[in-house]
Amino acid sequence: ILSQYLLRTVRHGRLMMGSLAAALLGSVILLNTNNVSGASVSIILLGGSFAVIYPLVVERIEGRFPAHHPEFFQNIFTAGLAAGLLGPAFAGFFVATWDIQWVMVLPLIGIILVFLLVAIIWAESRLTAPPVASEVTD
């Protein structure tokens, strides 16, 4: 409910960066915590951040690729959901092989990859944007 309010009131670029930072912080806290309060705070941070990231990603995708059929992006998200469903099996493998603390490294890597992807998309949009009227000279 809070994420829907924030999507209407906060600039989407700032909201994306804030939610990525909150997800990164929640992941690091969960990686280093050894008590219930730390785990609770990090789970709230992670859940709240991921609730905001999905609608923002869908919004960015639909405007950037108008020539692609929406089913193409649905298949991409379906592959992501399938990978998410396989996550518990991989987590069990990591716990059996290493320590339970290393299970949180997987989402941390994913959050860093999403952050890098957003940075690349923003850089590309800045480089390919049409010049501002004050920059155009006759």
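In this chain, residues are counted from 1 in sequence order.
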* Asked: Remaining members of I43's ILVMFWY cluster at a side-chain heavy-atom cut-off under 4.5 Å?
  -> none
* Where is the tightest heavy-atom contact between S49 and S19, given as atom of each residue plus distance? -> CB-O, 3.1 Å
Are [X] and [Y] connected, step by step, through hydrophobic side chains (Ile, Leu, Val, Met, Phe, Trp, Tyr) whose heavy atoms are closer than 4.5 Å?
| X | Y | value |
| --- | --- | --- |
| L30 | L45 | no |
| L20 | L116 | yes |
| L24 | I44 | no |

* Asked: After noting the C-alpha distance and the side-chain angles of I109 and L113, does the key distance pass the side chain to side chain contact (heavy atoms under 4.5 Å, CB included) rule?
  -> CA-CA 6 Å; I109 292 169; L113 289 174; 4.1 Å; yes
* Asked: Which of these, L25, I29, I111, sits in a side chain to side chain contact (heavy atoms under 4.5 Å, CB included) with L46?
  -> I111
* **From CG (L6) to CZ (R14), nearest 0.5 Å** => 13.5 Å
* If you draw a 6.0 Å radius around CZ in F50, do more than 12 non-hydrogen atoms from other residues or ligands fall strictly inside? -> yes
* Structure fact -> Residues passing the side-chain hydrogen bond (donor to acceptor under 3.5 Å, both in side chains) test with T33, sequence neighbours excluded, are N35
